[in-house]
Amino acid sequence: MKMQTSTTLALAVAAVALGGGSCGASQALPGGKDAATTAITIYSRARPGAIPADTYRQPGHSAVPGYAVVRQVRDIELAQGRDELRFTDVAALIDPTTVMFESLTDPTGTTVLEQNFQFDLVSTERLLQKFVDKPIRVDQVRGQTTESFSGTLLSTHGGVVLKRDDGTVQIVPHNAGVHLPALPGGLITRPALVWNIATQRGGKQRARVSYQTGGVTWWSDYNVVFTEGRNANRCQLDVGAWVSIINQSGASYAAAKLKLVAGDVHRSEIDGRSDHAKAMPANAAELRSEGFAEKAFFEYHLYTLGRPTTLADNSTKQIELFPVARKVPCERLLVYYGRPPGHYGFLPSPATDRNYGVATNRKVDVYLQFQNNEASRMGMPLPAGRVRVSKLDEADQTLEFVGEDSIDHTPRNERVLLKMGSAFDVVGERRQVDFSIDTGRKTMTEQIEIRLRNQKDEPVEVQVRETLYRWVNWEITSRSHKFRKDDARTVSFAVDVPAGAEVLVRYSVRYWW
């Protein structure tokens, strides 16, 4: 039986919690708007575009792939000698081993002797667990009357099980009110950092506290608008970006100074997993004065928001990362990779089976390519993120989604290649025309034929990519089109296909070992 806690039960327990004892430790002092300042630097371990929507909608149901470093400066008051200081508004997912306390007023005369993170929070379940094998009183509603009885709490697992004073055992129903005699020691209403401090001077001081917490991450989404160019291959892009931040750390950060780190920041292995922080995108050449400012930082990139912002707990926030870069020149590419989806790996010996890897793929893939340099109106570091591309429908002036891809961290002056999908009106067909093997001379010859059909009303250029995977030693002995050697086992043919026409590409390759 699952335990069901009604409003009656919850209110009775809450009354005990709120009426319980208080702690005599020193607290951070209230003050004006400058009495406490907060800075938060966020790192992300999310793969671009891989954070599910449930992460936003159901806090705590899935792990947020990131973490943050939080720094807070507060006014405090300490008694001379030894005193205990308590901070209650800290993240529930704090890593207590990363906590650092420093007095800015008297750094040499103020010493931390002990520090503790207390997280045994008040809840119905925790309160009841504290009273197992102890007497409690129950009010049970029966119609218009209420029956009160007392007994010893035996268990809270699967329901509240009570041994009444008359010796009978009863499962407390969901509409019962439970009365507890007192708030048990050790339970608190909010997570707290507690320090045992020795100080040579009492009174007001300024202190800085820093720690790492989980439950915080960020990522970027690039929003791109595609415009046709003067021919089928040329185009223009309007490129903008927004950063999204999730805070499920268990604390809110009001008027905080926000920084985002982009790069692969290594952390030590936890539970056998290597933890690399992967944060996301970047900044344009001329930013709004209160937008993000980008700079190189160690081997990463750091983005600092020029204004304070508030990150509420269990919330998401979107901030423009950089202004839209207009009319970025781009190139549309059609690429035909004749092998079907999947990977034919390279074998430790020659692949002499004539049927190995001869199945055909009909899809011709569509890519957009642009240079991330100042000449293209870009020239900014682009950390990993998801890129969504839309195109304007002139008929009703609406933007229609045409594809998306993700990019890895991309420095300035590098190429960006985005896969949009597969062409509808351009198809390919690949087949093996001939195959022979000479085991004595340890050679084999294969002839491949590729047919490209263009059903569009305009000519297109298709890049045909072929992987020569049968063995490491090869040479192309005949061909119908010029080819480019891309790497040790890959060649490309640039093929012009007229409108409504079919073009045949044929080549022969000889392997030896």
Side-chain angles (χ1 to χ4, degrees), residues 41-51 65-66 217-227 235-246 258-266 276-288 290-306 317-333 366-391 399 401-421:
T41 304
I42 305 176
Y43 304 74
S44 177
R45 295 184 286 109
R47 292 187 297 110
I51 298 181
T217 195
W218 76 285
W219 72 93
S220 63
D221 290 297
Y222 296 89
N223 300 317
V224 176
V225 177
F226 170 88
T227 303
C235 53
Q236 290 183 341
L237 304 175
D238 292 342
V239 182
W242 285 73
V243 55
S244 296
I245 301 170
I246 293 180
L258 175 64
K259 296 182 180 180
L260 309 174
V261 174
D264 297 339
V265 182
H266 182 264
H276 295 269
K278 295 189 176 181
M280 322 212 168
N283 175 41
E286 294 182 2
L287 294 173
R288 298 182 180 94
E290 293 189 346
F292 281 101
E294 176 271 336
K295 67 178 181 180
F297 187 76
F298 191 62
E299 294 299 325
Y300 317 120
H301 283 269
L302 185 67
Y303 303 94
T304 303
L305 188 63
K317 179 182 284 287
Q318 286 78 42
I319 305 173
E320 186 182 50
L321 192 58
F322 60 79
V324 176
R326 305 285 184 182
K327 297 182 178 180
V328 176
C330 76
E331 183 179 4
R332 177 165 48 184
L333 304 176
V366 183
Y367 291 84
L368 297 179
Q369 174 181 276
F370 66 90
Q371 293 294 322
N372 181 29
N373 54 30
E374 292 185 3
S376 299
R377 302 180 179 88
M378 293 287 290
M380 61 201 76
L382 301 175
R386 181 164 54 181
V387 185
R388 296 182 179 91
V389 182
S390 301
K391 185 178 184 297
L399 287 174
F401 175 73
V402 296
E404 74 176 29
D405 200 3
S406 60
I407 62 172
D408 201 351
H409 304 301
T410 305
R412 296 180 178 91
N413 303 319
E414 292 291 330
R415 182 187 67 159
V416 178
L417 185 65
L418 308 172
K419 182 177 180 179
M420 293 291 95

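Residue numbers start at 1 and run along the sequence shown. Side chains are part of it too, since the values below use all heavy atoms of this structure and drop only hydrogens, waters and symmetry mates. All values derive from a computational prediction rather than experimental measurement.
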Run the side chain to side chain contact (heavy atoms under 4.5 Å, CB included) test on Gln318 and Val243 for me, step by step, so that the C-alpha distance in whole Å, both residues' side-chain angles and the decisive distance to 0.1 Å come before the verdict. CA-CA 6 Å; Gln318 286 78 42; Val243 55; over 6 Å; no
query = More than 12 heavy atoms of other residues, nucleotides or ligands under 6.0 Å from CD of Glu374: is that the case?
reply = no
Tightest non-hydrogen contact, residues Ile42 and Trp218, listed as O-NE1, 3.3 Å
| Can any side-chain N or O of Ser244 pair as donor or acceptor with the backbone N or O of Trp242 at less than 3.5 Å? | no
Point to revise | Asn372 vs Met380 side-chain heavy atoms within contact, under 4.5 Å | key: yes
Review point. If we only count heavy atoms from C-beta on, is the Val225 to Leu399 side-chain gap below 4.5 Å?
Key: yes
When rounded to the nearest 0.5 Å, the distance separating CD of Glu331 from CG of Leu417 is 10.0 Å
- prompt: Would you say the side chain of Leu302 lies within less than 4.5 Å of the side chain of Lys259, judging by non-hydrogen atoms?
  reply: yes
- Query: Just by modelled atom types, is the Val389 backbone N or O under 3.5 Å from a matching donor or acceptor in the Asn223 side chain?
  - Reply: no
Begin with the C-alpha distance, continue with both residues' side-chain angles, and end with the deciding distance and a verdict on side chain to side chain contact (heavy atoms under 4.5 Å, CB included) for Thr227 and Cys235. CA-CA 6 Å; Thr227 303; Cys235 53; over 6 Å; no
For the side chain of Asp405 and the backbone of Lys419, is there at least one donor-acceptor N/O pair under 3.5 Å apart?
yes
- Is a side-chain N or O of Arg377 found less than 3.5 angstrom from the main chain of Lys327, in a donor-acceptor match? yes
By side chain to side chain donor-acceptor pair (under 3.5 Å), Thr41 pairs with (sequence neighbours left out) Arg71
Between Val416 and Leu382, is there a side-chain heavy-atom distance shorter than 4.5 Å? yes
Residue set satisfying side-chain contact (heavy atoms from CB on, under 4.5 Å) with Ser376, at least two apart, ordered chain then number -> Val328, Pro329, Gln371, Asn373
Checklist line | Audit row: Tyr367, Leu418, side chain to side chain contact (heavy atoms under 4.5 Å, CB included) steps and yes/no | finding: CA-CA 5 Å; Tyr367 291 84; Leu418 308 172; over 6 Å; no
Just by modelled atom types, is the Ala384 backbone N or O under 3.5 Å from a matching donor or acceptor in the His409 side chain?
yes
Output for pair (Arg415 CZ, Phe370 CZ), nearest 0.5 Å, gives 11.0 Å
One should read off an interatomic distance between Leu321 CG and Glu294 CD, to the nearest 0.5 angstrom, of 10.0 Å
The reported gap from CD in Glu404 to CG in Asp221 (rounded to nearest 0.5 angstrom) is 8.5 Å
### Query
Hey, does the side chain of Arg412 reach the backbone of Gly379 with a donor-acceptor pair shorter than 3.5 angstrom?
yes
Practice item. Show your working on side chain to side chain contact (heavy atoms under 4.5 Å, CB included) between Leu305 and Ile319 and close with a plain yes or no. Key: CA-CA 9 Å; Leu305 188 63; Ile319 305 173; 4.0 Å; yes
dist Leu237:CG -> Gln369:CD (nearest 0.5 Å) comes out at 11.0 Å
* Asked: Is there side-chain contact between Leu258 and Ile245, with heavy atoms separated by less than 4.5 Å?
  -> yes
Would you check if Phe322 and Tyr303 make a side-chain contact, meaning some heavy-atom pair closer than 4.5 Å?
-> no
Checklist line | pair Val402-Ser390: side-chain heavy atoms closer than 4.5 Å | finding: no
**Study point:** Any Phe401 side-chain heavy atom under 4.5 Å of Lys391 side chain
**Key:** no
